[in-house]
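Worksheet: the structure to be examined is printed underneath.
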Amino acid sequence: MNTKILGNIGEAHAEAYLKENGYKILERNYKNKIGEIDLIAEKDKEIIFVEVKARSTEKFGTPKEAVNFHKQFKIRKVAECYLLSAKKYYSKVSFDVIEYMPDAEIVHLKNCF
């Protein structure tokens with residue numbers, strides 16, 4: 001399966017998972033000149049920036065291992081721009097990773113960077 005298709009499937013599953021667990025989805029594939037954030041959600045007055053990583057196998061490592069320091073830095077910068085333009089104040093901010101692998105349960109790593 002092509003990685004773009006797998007990524008889209010992973011994002012759809014992650015979005016459904018978040019909704020089932022009481023999160024409100026604010027944005028999907030939010031982009032600015034710096035980069036992109038897969039999902040931006042809200043729950044209990046907290047804003048959550050979610051990086052979704054999908055893999056078909058662990059041959060090249062687990063999905064979460066792809067969220068390296070450079071990727072985390074970029075996500076933080078995109079999130080900073082989003083928050084500056086938001087019309088709402090959030091008392092808490094979280095950066096989460098959701099791992100998606102076909103035929104496996106979704107793994108939600110909360111506030112992991």
Side-chain angles (χ1 to χ4, degrees):
M1 178 182 311
N2 139 349
T3 57
K4 178 72 173 153
I5 293 170
L6 180 61
N8 289 338
I9 292 169
E11 286 178 11
H13 280 274
E15 183 175 358
Y17 164 86
L18 290 171
K19 286 178 179 177
E20 288 170 8
N21 286 281
Y23 292 79
K24 176 183 175 188
I25 304 301
L26 302 176
E27 299 275 349
R28 184 170 180 187
N29 299 316
Y30 172 80
K31 295 177 186 156
N32 65 23
K33 63 182 178 181
I34 299 168
E36 178 181 350
I37 295 176
D38 296 326
L39 296 168
I40 301 175
E42 177 181 60
K43 185 177 183 182
D44 301 328
K45 298 182 182 176
E46 178 177 13
I47 188 165
I48 303 101
F49 297 95
V50 182
E51 176 66 12
V52 179
K53 281 298 174 192
R55 295 284 185 271
S56 56
T57 70
E58 290 186 357
K59 183 178 180 180
F60 298 106
T62 64
K64 69 182 172 214
E65 291 173 324
V67 187
N68 58 29
F69 176 78
H70 176 72
K71 183 71 172 171
Q72 292 173 21
F73 180 81
K74 197 170 189 177
I75 292 169
R76 282 191 195 103
K77 288 296 180 187
V78 176
E80 183 180 342
C81 291
Y82 180 86
L83 290 169
L84 288 171
S85 68
K87 308 243 187 295
K88 187 173 181 182
Y89 173 78
Y90 294 94
S91 57
K92 293 182 182 179
V93 176
S94 179
F95 294 91
D96 296 5
V97 173
I98 290 183
E99 293 184 317
Y100 171 80
M101 293 183 71
D103 304 323
E105 285 191 36
I106 283 183
V107 176
H108 184 184
L109 304 161
K110 297 179 182 179
N111 203 25
C112 60
F113 65 92

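We count residues from 1, following the sequence as given.
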Original post:
In Å, rounded to the nearest 0.5 Å, how long is the span from CD1 of I98 to CD1 of I106?
Top reply: 6.0 Å
Original post:
Are any of the side-chain nitrogens in E80 or R76 under 4.0 Å away from the carboxylate oxygens of its partner?
Top reply: no
**OP:** Find the distance between CG (L18) and NE2 (H108) and round it off to the nearest 0.5 Å.
**Re:** 5.5 Å
Original post:
Does NZ belonging to K43 count more than 12 external heavy atoms closer than 6.0 Å?
Top reply: yes
**OP:** Tell me whether V67 is reachable from F73 by hopping between hydrophobic residues (I, L, V, M, F, W, Y) whose side-chain heavy atoms are closer than 4.5 Å.
**Re:** no
**OP:** Keeping the roles fixed (side chain from D44, backbone from E46), state whether a donor-acceptor pair exists under 3.5 Å.
**Re:** no
Original post:
Taking only residues two or more places apart in sequence, or in another chain, which ones meet N21 in a side-chain contact (heavy atoms from CB on, under 4.5 Å)?
Top reply: Y17, Y23
Original post:
So do the side chains of Y82 and I37 get within less than 4.5 Å of each other, counting heavy atoms only?
Top reply: no
**OP:** Hey, could you give me the CZ/CG distance between R55 and L6, rounded to the nearest 0.5 Å?
**Re:** 8.5 Å
Subject >> Pairwise side-chain contact, M101 with D103, heavy-atom cut-off 4.5 Å (strictly under) >> reply: no
Original post:
Is it the case that one hydrophobic cluster holds both I47 and Y30, taking links as side-chain heavy atoms less than 4.5 Å apart, direct or via other members?
Top reply: yes
Original post:
Do you reckon F60 sits in the same ILVMFWY cluster as V107, going by side-chain contacts under 4.5 Å, direct or chained?
Top reply: no
Original post:
Partners of T62 by side-chain contact (heavy atoms from CB on, under 4.5 Å), sequence neighbours excluded?
Top reply: E58, K64, E65, E99
**OP:** Sort and list the pairs that fulfil ring pair (Phe, Tyr, Trp, His ring centres under 6.0 Å) and have at least one residue in residues 85-106, not counting sequence neighbours.
**Re:** H13-Y100, F49-F95, F95-F113
**OP:** Please round to the nearest 0.5 Å and tell me the distance separating atom CD of E11 and atom CD of E51.
**Re:** 8.0 Å
Original post:
Is there a path from V78 to L83 through hydrophobic residues (I, L, V, M, F, W, Y) whose side chains come within less than 4.5 Å of each other?
Top reply: yes
Subject >> Heavy-atom closest pair, residues G7 and A54 >> reply: CA-CB, 4.3 Å
Subject >> Passing option when D38 is tested against V50, I75, V52 for side chain to side chain contact (heavy atoms under 4.5 Å, CB included) >> reply: V52
Subject >> Side-chain (D96) to main-chain (N111) donor-acceptor, under 3.5 angstrom >> reply: yes
Original post:
What are the two closest non-hydrogen atoms of L39 and E15, and how far apart are they?
Top reply: CD1-N, 3.9 Å
**OP:** Report whether I48 and V97 are members of the same hydrophobic cluster (ILVMFWY, side-chain heavy atoms less than 4.5 Å apart, transitive linking).
**Re:** no
